[in-house]
2 protein chains.
Amino acid sequence: MATFKLDERLAGDSVLVTNIGLCQLRLMNDSRWPWLILVPQRDNICEMFDLAPLDQAMLTFETNLVAEALKKVKGAEKINVAAIGNIVRQLHVHVIARYENDANWPGPVWGYGERQPYPEAEKAALVKYILDAL
Amino acid sequence: MATFKLDERLAGDSVLVTNIGLCQLRLMNDSRWPWLILVPQRDNICEMFDLAPLDQAMLTFETNLVAEALKKVKGAEKINVAAIGNIVRQLHVHVIARYENDANWPGPVWGYGERQPYPEAEKAALVKYILDAL
(Lines give C-alpha, C1' and ligand atoms only; values in the text may rest on other atoms or scores of the structure.)
Protein backbone atom coordinates (compact mmCIF):
# COMPACT_ATOMS: atom_id res chain seq x y z
CA MET A 1 0.00 0.00 0.00
CA ALA A 2 3.02 2.24 0.18
CA THR A 3 2.63 3.42 -3.38
CA PHE A 4 -1.12 4.02 -3.32
CA LYS A 5 -1.96 7.48 -4.59
CA LEU A 6 -5.46 8.90 -4.43
CA ASP A 7 -6.83 10.21 -7.72
CA GLU A 8 -6.57 14.00 -7.83
CA ARG A 9 -10.20 14.55 -8.71
CA LEU A 10 -11.38 12.35 -5.83
CA ALA A 11 -8.98 14.17 -3.53
CA GLY A 12 -10.38 17.52 -4.61
CA ASP A 13 -14.06 16.58 -4.40
CA SER A 14 -13.99 14.83 -1.01
CA VAL A 15 -12.39 14.85 2.44
CA LEU A 16 -10.96 12.00 4.47
CA VAL A 17 -13.19 10.64 7.22
CA THR A 18 -11.00 7.75 8.27
CA ASN A 19 -9.00 4.80 7.07
CA ILE A 20 -11.06 1.63 7.59
CA GLY A 21 -8.65 -1.11 6.63
CA LEU A 22 -8.64 -1.69 2.91
CA CYS A 23 -10.37 1.56 2.08
CA GLN A 24 -10.11 5.24 2.67
CA LEU A 25 -13.55 6.42 3.73
CA ARG A 26 -14.20 9.91 2.35
CA LEU A 27 -17.08 12.39 2.49
CA MET A 28 -18.08 13.94 -0.82
CA ASN A 29 -18.09 17.69 -0.43
CA ASP A 30 -21.63 18.01 -1.75
CA SER A 31 -24.26 19.08 0.73
CA ARG A 32 -27.17 17.94 -1.45
CA TRP A 33 -26.91 14.37 -0.16
CA PRO A 34 -25.01 12.59 2.64
CA TRP A 35 -22.54 10.96 0.27
CA LEU A 36 -19.57 8.79 1.20
CA ILE A 37 -17.01 7.09 -0.99
CA LEU A 38 -14.75 4.15 -0.25
CA VAL A 39 -11.46 3.97 -2.09
CA PRO A 40 -9.52 0.70 -1.85
CA GLN A 41 -5.89 1.58 -1.25
CA ARG A 42 -4.55 -0.55 -4.08
CA ASP A 43 -2.76 0.62 -7.20
CA ASN A 44 -4.04 0.37 -10.74
CA ILE A 45 -7.46 -1.07 -9.88
CA CYS A 46 -10.32 0.00 -12.12
CA GLU A 47 -13.02 -2.65 -11.67
CA MET A 48 -14.07 -4.48 -8.51
CA PHE A 49 -13.12 -7.78 -10.12
CA ASP A 50 -9.56 -6.47 -10.59
CA LEU A 51 -9.11 -6.71 -6.82
CA ALA A 52 -7.68 -9.89 -5.30
CA PRO A 53 -10.47 -12.16 -3.99
CA LEU A 54 -9.76 -11.34 -0.35
CA ASP A 55 -9.85 -7.62 -1.15
CA GLN A 56 -13.19 -8.10 -2.93
CA ALA A 57 -14.59 -9.64 0.25
CA MET A 58 -13.08 -6.87 2.37
CA LEU A 59 -14.52 -4.15 0.13
CA THR A 60 -17.97 -5.74 0.49
CA PHE A 61 -17.60 -5.90 4.25
CA GLU A 62 -16.46 -2.29 4.54
CA THR A 63 -19.08 -1.01 2.07
CA ASN A 64 -21.94 -2.71 3.89
CA LEU A 65 -20.65 -1.57 7.28
CA VAL A 66 -20.59 2.03 6.09
CA ALA A 67 -23.94 1.76 4.27
CA GLU A 68 -25.72 0.40 7.33
CA ALA A 69 -24.24 3.06 9.60
CA LEU A 70 -25.12 5.85 7.17
CA LYS A 71 -28.72 4.67 6.81
CA LYS A 72 -29.10 4.48 10.57
CA VAL A 73 -27.58 7.80 11.54
CA LYS A 74 -29.05 9.81 8.67
CA GLY A 75 -32.48 8.12 8.68
CA ALA A 76 -32.36 7.55 4.93
CA GLU A 77 -35.21 6.16 2.87
CA LYS A 78 -32.78 4.18 0.71
CA ILE A 79 -29.04 3.73 0.35
CA ASN A 80 -27.55 3.83 -3.15
CA VAL A 81 -24.33 1.85 -3.59
CA ALA A 82 -22.41 2.02 -6.85
CA ALA A 83 -19.06 1.60 -8.55
CA ILE A 84 -19.34 3.55 -11.79
CA GLY A 85 -16.01 5.14 -12.68
CA ASN A 86 -16.80 6.36 -16.18
CA ILE A 87 -14.91 9.58 -15.41
CA VAL A 88 -12.54 8.75 -12.54
CA ARG A 89 -11.12 5.30 -13.25
CA GLN A 90 -9.53 4.66 -9.87
CA LEU A 91 -11.93 2.20 -8.21
CA HIS A 92 -14.22 3.96 -5.75
CA VAL A 93 -17.57 2.92 -4.32
CA HIS A 94 -20.32 5.47 -3.71
CA VAL A 95 -22.57 5.09 -0.64
CA ILE A 96 -25.30 7.72 -0.70
CA ALA A 97 -28.25 8.39 1.60
CA ARG A 98 -31.40 9.16 -0.38
CA TYR A 99 -34.71 10.71 0.66
CA GLU A 100 -38.03 11.03 -1.10
CA ASN A 101 -37.72 14.82 -1.10
CA ASP A 102 -34.04 15.04 -2.07
CA ALA A 103 -32.52 16.61 -5.17
CA ASN A 104 -33.40 14.39 -8.16
CA TRP A 105 -35.24 11.62 -6.27
CA PRO A 106 -35.81 8.91 -7.50
CA GLY A 107 -33.25 9.57 -10.22
CA PRO A 108 -29.52 9.05 -9.74
CA VAL A 109 -27.18 11.61 -8.15
CA TRP A 110 -24.37 11.27 -10.70
CA GLY A 111 -24.24 13.98 -13.28
CA TYR A 112 -27.13 15.88 -11.71
CA GLY A 113 -26.74 19.64 -11.35
CA GLU A 114 -23.79 21.29 -9.64
CA ARG A 115 -21.96 20.16 -6.54
CA GLN A 116 -22.82 22.32 -3.51
CA PRO A 117 -19.88 22.36 -1.09
CA TYR A 118 -20.56 22.31 2.64
CA PRO A 119 -19.78 25.28 4.85
CA GLU A 120 -16.51 24.33 6.61
CA ALA A 121 -18.03 23.99 10.09
CA GLU A 122 -20.88 21.82 8.82
CA LYS A 123 -18.47 19.58 6.93
CA ALA A 124 -16.25 19.07 9.98
CA ALA A 125 -19.29 18.30 12.14
CA LEU A 126 -20.60 15.73 9.67
CA VAL A 127 -17.21 14.02 9.43
CA LYS A 128 -17.13 13.73 13.21
CA TYR A 129 -20.74 12.50 13.32
CA ILE A 130 -20.03 9.74 10.79
CA LEU A 131 -16.83 8.76 12.54
CA ASP A 132 -18.69 8.40 15.84
CA ALA A 133 -21.33 6.26 14.12
CA LEU A 134 -18.89 3.68 12.78
CA MET B 1 -35.97 -19.85 -1.15
CA ALA B 2 -39.33 -21.51 -1.80
CA THR B 3 -41.26 -18.33 -1.15
CA PHE B 4 -39.08 -15.95 -3.18
CA LYS B 5 -41.17 -13.92 -5.58
CA LEU B 6 -39.61 -11.67 -8.19
CA ASP B 7 -40.82 -8.07 -8.19
CA GLU B 8 -43.35 -7.58 -10.98
CA ARG B 9 -41.59 -4.58 -12.48
CA LEU B 10 -38.26 -6.42 -12.63
CA ALA B 11 -40.07 -9.40 -14.17
CA GLY B 12 -41.61 -7.17 -16.83
CA ASP B 13 -38.44 -5.24 -17.69
CA SER B 14 -36.03 -8.19 -17.93
CA VAL B 15 -35.72 -11.83 -18.95
CA LEU B 16 -34.11 -14.73 -17.12
CA VAL B 17 -30.63 -15.71 -18.30
CA THR B 18 -29.92 -18.32 -15.66
CA ASN B 19 -29.97 -19.06 -11.98
CA ILE B 20 -26.42 -18.70 -10.62
CA GLY B 21 -26.79 -19.89 -7.04
CA LEU B 22 -27.96 -17.08 -4.79
CA CYS B 23 -29.12 -14.87 -7.64
CA GLN B 24 -31.30 -14.92 -10.66
CA LEU B 25 -29.25 -13.45 -13.49
CA ARG B 26 -31.50 -11.43 -15.80
CA LEU B 27 -31.02 -9.40 -18.98
CA MET B 28 -32.66 -5.98 -19.01
CA ASN B 29 -34.77 -5.70 -22.12
CA ASP B 30 -33.11 -2.45 -23.18
CA SER B 31 -30.95 -2.61 -26.27
CA ARG B 32 -29.17 0.69 -25.53
CA TRP B 33 -26.65 -1.04 -23.27
CA PRO B 34 -25.69 -4.65 -22.45
CA TRP B 35 -27.35 -4.57 -19.04
CA LEU B 36 -27.66 -7.44 -16.58
CA ILE B 37 -29.24 -7.56 -13.17
CA LEU B 38 -28.67 -9.98 -10.31
CA VAL B 39 -31.56 -10.59 -7.95
CA PRO B 40 -30.77 -12.47 -4.73
CA GLN B 41 -33.52 -15.03 -4.20
CA ARG B 42 -34.29 -13.98 -0.66
CA ASP B 43 -37.49 -12.47 0.65
CA ASN B 44 -37.91 -8.98 2.03
CA ILE B 45 -34.39 -7.78 1.33
CA CYS B 46 -34.02 -4.13 0.40
CA GLU B 47 -30.39 -3.23 1.14
CA MET B 48 -27.25 -5.33 0.62
CA PHE B 49 -26.55 -5.18 4.34
CA ASP B 50 -29.96 -6.79 5.01
CA LEU B 51 -28.56 -10.02 3.57
CA ALA B 52 -26.96 -12.57 5.89
CA PRO B 53 -23.15 -12.24 5.89
CA LEU B 54 -22.64 -15.37 3.80
CA ASP B 55 -25.18 -14.12 1.26
CA GLN B 56 -23.35 -10.78 1.11
CA ALA B 57 -20.16 -12.62 0.21
CA MET B 58 -22.01 -14.77 -2.33
CA LEU B 59 -23.60 -11.72 -3.96
CA THR B 60 -20.15 -10.14 -4.31
CA PHE B 61 -18.76 -13.30 -5.84
CA GLU B 62 -21.64 -13.66 -8.32
CA THR B 63 -21.65 -9.95 -9.20
CA ASN B 64 -17.94 -9.86 -9.92
CA LEU B 65 -18.11 -13.12 -11.89
CA VAL B 66 -20.82 -11.67 -14.10
CA ALA B 67 -19.15 -8.25 -14.40
CA GLU B 68 -15.85 -9.75 -15.53
CA ALA B 69 -17.55 -12.00 -18.08
CA LEU B 70 -19.66 -9.14 -19.43
CA LYS B 71 -16.65 -6.84 -19.83
CA LYS B 72 -14.73 -9.55 -21.63
CA VAL B 73 -17.39 -10.73 -24.06
CA LYS B 74 -18.80 -7.29 -24.83
CA GLY B 75 -15.45 -5.47 -24.94
CA ALA B 76 -16.72 -2.71 -22.65
CA GLU B 77 -14.77 0.41 -21.74
CA LYS B 78 -16.10 0.29 -18.18
CA ILE B 79 -18.52 -1.78 -16.14
CA ASN B 80 -21.01 0.05 -13.93
CA VAL B 81 -22.16 -1.88 -10.86
CA ALA B 82 -24.91 -0.51 -8.65
CA ALA B 83 -27.61 -1.30 -6.13
CA ILE B 84 -29.96 1.69 -6.22
CA GLY B 85 -33.54 0.60 -5.65
CA ASN B 86 -35.19 3.99 -5.25
CA ILE B 87 -38.12 2.74 -7.35
CA VAL B 88 -38.05 -1.07 -7.11
CA ARG B 89 -37.18 -1.92 -3.51
CA GLN B 90 -36.47 -5.63 -3.96
CA LEU B 91 -32.67 -5.83 -3.84
CA HIS B 92 -31.19 -6.07 -7.33
CA VAL B 93 -27.70 -5.29 -8.58
CA HIS B 94 -27.14 -3.70 -11.97
CA VAL B 95 -24.12 -4.75 -14.05
CA ILE B 96 -23.90 -2.62 -17.19
CA ALA B 97 -21.37 -2.51 -20.02
CA ARG B 98 -20.53 1.07 -20.97
CA TYR B 99 -18.80 2.52 -24.02
CA GLU B 100 -17.47 5.97 -24.80
CA ASN B 101 -19.99 6.35 -27.63
CA ASP B 102 -23.02 4.91 -25.82
CA ALA B 103 -26.28 6.64 -24.91
CA ASN B 104 -25.53 9.16 -22.13
CA TRP B 105 -21.82 8.37 -21.62
CA PRO B 106 -20.28 9.26 -19.16
CA GLY B 107 -23.56 9.91 -17.35
CA PRO B 108 -25.58 7.18 -15.64
CA VAL B 109 -28.06 4.92 -17.43
CA TRP B 110 -30.81 5.13 -14.81
CA GLY B 111 -33.62 7.48 -15.63
CA TYR B 112 -32.17 8.32 -19.03
CA GLY B 113 -34.61 8.38 -21.95
CA GLU B 114 -36.88 5.50 -22.84
CA ARG B 115 -36.17 1.80 -22.72
CA GLN B 116 -35.65 0.32 -26.19
CA PRO B 117 -36.68 -3.35 -26.16
CA TYR B 118 -34.65 -5.85 -28.19
CA PRO B 119 -36.08 -7.57 -31.24
CA GLU B 120 -36.98 -11.07 -30.01
CA ALA B 121 -34.33 -12.89 -32.02
CA GLU B 122 -31.60 -10.51 -30.89
CA LYS B 123 -32.63 -10.86 -27.25
CA ALA B 124 -32.58 -14.66 -27.41
CA ALA B 125 -29.16 -14.62 -29.09
CA LEU B 126 -27.72 -12.29 -26.45
CA VAL B 127 -29.07 -14.44 -23.62
CA LYS B 128 -27.40 -17.47 -25.18
CA TYR B 129 -24.17 -15.54 -25.75
CA ILE B 130 -24.00 -14.44 -22.11
CA LEU B 131 -24.85 -17.90 -20.87
CA ASP B 132 -22.02 -19.39 -22.95
CA ALA B 133 -19.62 -16.78 -21.54
CA LEU B 134 -20.25 -17.64 -17.90
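Labels below follow one simple rule: chain letters A, B, ... track the order of the sequence lines, proteins then strands, and each chain is numbered from 1.
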**Request:** For B:Y118, look at atom OH and say whether over 12 heavy atoms of other residues, nucleotides or ligands are found less than 6.0 Å away.
**Result:** yes

**Request:** To the nearest 0.5 Å, tell me how far A:W35 CH2 sits from A:L70 CG.
**Result:** 12.5 Å

**Fill in**
Within residues 120-134 of chain B, the residues sitting under 4.5 Å from chain A by heavy atom, in sequence order, are none

**Exercise: identify the closest heavy-atom pair between B:P40 and B:L59** = CG-CD1, 4.0 Å

**Message:** Does anything in residues 85-102 of chain A reach chain B? List residues with heavy atoms under 4.5 Å apart, or say none.
**Reply:** A:G85, A:N86, A:I87, A:R89, A:R98, A:E100

**Message:** How close do A:E62 and A:I20 get, counting heavy atoms only, and between which atoms?
**Reply:** OE2-O, 2.6 Å

**Prompt:** What distance do B:N44 atom CG and B:K5 atom NZ have between them, rounded to the nearest 0.5 Å?
**Reply:** 12.5 Å

**Request:** Check step by step if side chain to side chain contact (heavy atoms under 4.5 Å, CB included) holds for A:E77 and A:W105.
**Result:** CA-CA 11 Å; A:E77 175 67 24; A:W105 176 271; 4.0 Å; yes

**Message:** Is there a continuous path of hydrophobic side-chain contacts, each under 4.5 Å between heavy atoms, that joins A:L36 to A:V15?
**Reply:** yes

**Fill in**
Closest non-hydrogen contact found for A:S14 with A:I37 is OG-CD1, 4.0 Å

**Fill in**
In this structure, NZ of A:K71 is separated from CD1 of A:I79 (nearest 0.5 Å) by 6.5 Å

**Request:** Using the rule that two of Ile, Leu, Val, Met, Phe, Trp, Tyr join whenever any of their side-chain heavy atoms come within less than 4.5 Å, decide whether B:L65 and A:I45 are in one cluster.
**Result:** no

**Request:** Provide the closest heavy-atom pair for A:L10 versus A:D7 in the form atom of the first, atom of the second, distance.
**Result:** N-OD1, 3.0 Å

**Fill in**
Output for pair (A:W33 CH2, A:N104 CG), nearest 0.5 Å, gives 6.5 Å

**Message:** Can you confirm whether B:D50 sits close enough to B:E47 that some side-chain heavy atom of one is under 4.5 Å from a side-chain heavy atom of the other?
**Reply:** yes

**Prompt:** Does the side chain of A:Q41 come within less than 4.5 Å of A:L6's, by heavy atoms?
**Reply:** no

**Item:** Shortest non-hydrogen separation from A:L22 to A:M58 and the atoms involved
**Value:** CB-CG, 3.7 Å

**Prompt:** Under 4.5 Å between any side-chain heavy atoms of A:F4 and A:V39, yes or no?
**Reply:** yes

**Asked** Is any residue of residues 23-31 of chain A within less than 4.5 Å of chain B by heavy atoms, and which ones?
**Response** none

**Residues in residues 106-115 of chain A near chain B [non-hydrogen atoms, under 4.5 Å]** = A:P106, A:G107, A:P108, A:W110

